[in-house]
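Indexing begins at 1, ligand by ligand and atom by atom, following the structure's order. All figures in this text were calculated on a predicted structure; none of them were measured in a lab. Scope of the values below: all heavy atoms of this structure, side chains included, with no hydrogens, waters or symmetry mates.
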Amino acid sequence: MTDLHRLSIRELTEGLANAKFSARELTEHYLKRIEKIDAQVNAYVTVTAEQALAQADAADALRQAGGAGVLTGVPIAHKDIFCTQGIKTTAGSKMLDNFISPYDATVVAKGKAAGLVTLGKVNMDEFAMGSTSENSYAKITANPWDLRRIPGGSSGGSAAAVAADLAPFATGTDTGGSIRQPAALCGLTGLKPTYGRVSRFGMIAYASSLDQGGPMARSAEDCAYLMNVMAGHDAKDSTSVEKDVDDYVANLNATSVKGLRIGIPKQYFYDRPLDVDVRDRIFNALRQLESMGAELVEIDLDMTEAYVPTYYLIAPAEASSNLSRYDGVRYGYRCENPLDLMDLYKRSRSEGFGEEVQRRILIGTYALSAGYYDAYYVKAQKVRRLIQQDFLKAFENIDVIAAPVTTSTAYRLGAKLAPEITYAEDIYTIAVNLAGLPAIAFPCGFATRQSDYYPEVPREPNDIGFGTSGSCEPVELPVGLQLIGNYWSESQLLSVVHQYQQATDWHTQRAAIAEENA
Ligand code: GLN
């Protein structure tokens with residue numbers, strides 16, 4: 001078969017179960033595509049061909065012996081933030097360029113136990129800090145829809161791999177949108193689960209109170225299959241929650257859109273920089289959901305303006321603490337010929353960390369330092385609680401909240417926006433992490449508009465860095481919509497999006513490069 005990469009996860013499980021193809025054929029098919037096409041996309045940091053073929057053979061043997069599970073033999077790509085025993089785990093950093101973990105992350109171990117075949121590790125912004133996948137020591141990943149554009153980040157490699165049909169699904173992590181934003185910019189579906197639903201053990205830490213792993217795939221249905229593998233309590237992660245896990249696949253039709261109350265936050269859609277075409281596509285999708293029986297209710301989320309400052313204190317503060325372990329002594333990069341211990345610390349860290357990571361360590365260390373701690377860090381924690389309460393108040397009257405994922409479609413690689421502008425772009429994703437809520441991003445249309453990027457605040461393109469690598473002629477690019485749910489509502493979110501995807505075909509559109517055959 002030449003079009004195995006077109007098949008959904010359900011179709012893959014059926015094909016494997018009915019012996020239409022073997023795990024080895026499927027794995028060879030994907031490896032061939034990676035070899036031919038990934039040079040243009042740069043999604044993979046490490047391709048584990050040999051190990052993948054061995055896993056595929058083992059999967060086929062297990063199936064012959066009658067011991068296969070549903071997903072036995074289905075390939076996957078892992079974000080390079082999940083530790084993989086015997087295979088490099090770099091987190092996109094020079095600091096970990098040679099790091100080989102002695103153990104598997106729980107998410108990876110669960111994947112292996114489910115019979116998933118690891119194709120390789122995919123690119124990301126360094127230590128998951130960024131929104132473009134350009135902050136990677138390894139390489140810059142392109143958006144499969146337009147190779148001159150960003151795939152988003154930090155899980156840009158995961159998104160690009162799936163959008164170019166170089167993996168049927170992938171793991172991602174989301175500290176402030178890193179699953180949802182690249183999913184939106186690459187036309188995919190991505191779920192950020194409730195904090196504590198997926199184990200963080202072996203997932204390299206950025207901001208521990210916000211970090212959460214989740215699935216990235218072409219549809220809610222495909223995400224549900226991966227959630228069934230990833231979710232669950234883990235004794236090795238004290239913040240993972242001991243709570244029964246749903247069967248996300250079996251529940252795909254459990255929540256009816258009929259009667260679903262969808263909150264539309266005024267503060268998200270009006271009076272703020274949001275590309276008019278993105279807003280238009282989102283409103284079309286909401287009208288579609290309305291025609292399927294949902295009720296649209298305007299709501300207030302008064303804390304919206306506090307999201308960015310709060311996140312950009314708490315996340316860097318936790319990062320500065322988490323990243324203090326990389327000191328050139330225990331593991332990771334070590335500078336050449338240190339003069340003394342201080343020199344070893346200083347040079348190992350300044351040579352091993354990239355610019356954005358250093359910026360955040362500085363911000364976070366400042367916010368945590370004596371004299372500033374109460375004014376910044378403690379204050380941010382109080383505001384964080386208010387943001388959470390704002391959501392909980394909204395959920396008293398509605399079931400889910402609709403939100404944009406991004407303020408515009410994917411911008412150009414090399415645009416190099418000023419840090420504060422990139423940070424401001426996170427407005428629609430970071431509150432969910434501060435509150436610990438689940439949210440799903442999914443495709444709801446295409447748009448070309450780039451020029452009126454900030455329609456309410458007209459600027460010259462160069463003011464925000466556009467145009468540095470040539471003009472942006474219009475290309476049809478995916479637009480994402482986000483649904484935010486109450487705690488533990490992953491089944492509901494997947495189910496609502498699944499029904500939307502039964503009625504629409506945005507999620508079945510493929511980037512031109514995905515149509516190429518290997
Ligand atoms: N853009 C966010 C940041 O740079 C995304 C972080 C994430 O979710 N890993 O912090």
Review point. Tell me the ring pair (Phe, Tyr, Trp, His ring centres under 6.0 Å) pairs involving residues 306-328, sequence neighbours left out?
Key: F127-Y326, Y312-Y423, Y326-Y331

Point to revise | Ion pair D146/R148, N-O distance below 4.0 Å | key: yes

Review point. Under a strict 4.0 Å criterion on non-hydrogen atoms, which protein residues are in contact with ligand 1?
Key: A128, M129, G130, S131, S154, D174, T175, G176, G177, S178, Y206, Y311, Y312, R360, D426

Check your understanding: Can the ring centres of Y103 and F201 be said to be less than 6.0 Å apart?
Key -> yes

Check your understanding: Using the benzene-type ring in the case of Trp, are the ring centres of F446 and W145 under 6.0 Å apart?
Key -> yes

**Study point:** Contacts of F283 that satisfy ring pair (Phe, Tyr, Trp, His ring centres under 6.0 Å) - sequence neighbours left out
**Key:** F269

**Study point:** side chain to side chain donor-acceptor pair (under 3.5 Å) partners for Q381, two or more places apart
**Key:** Y377

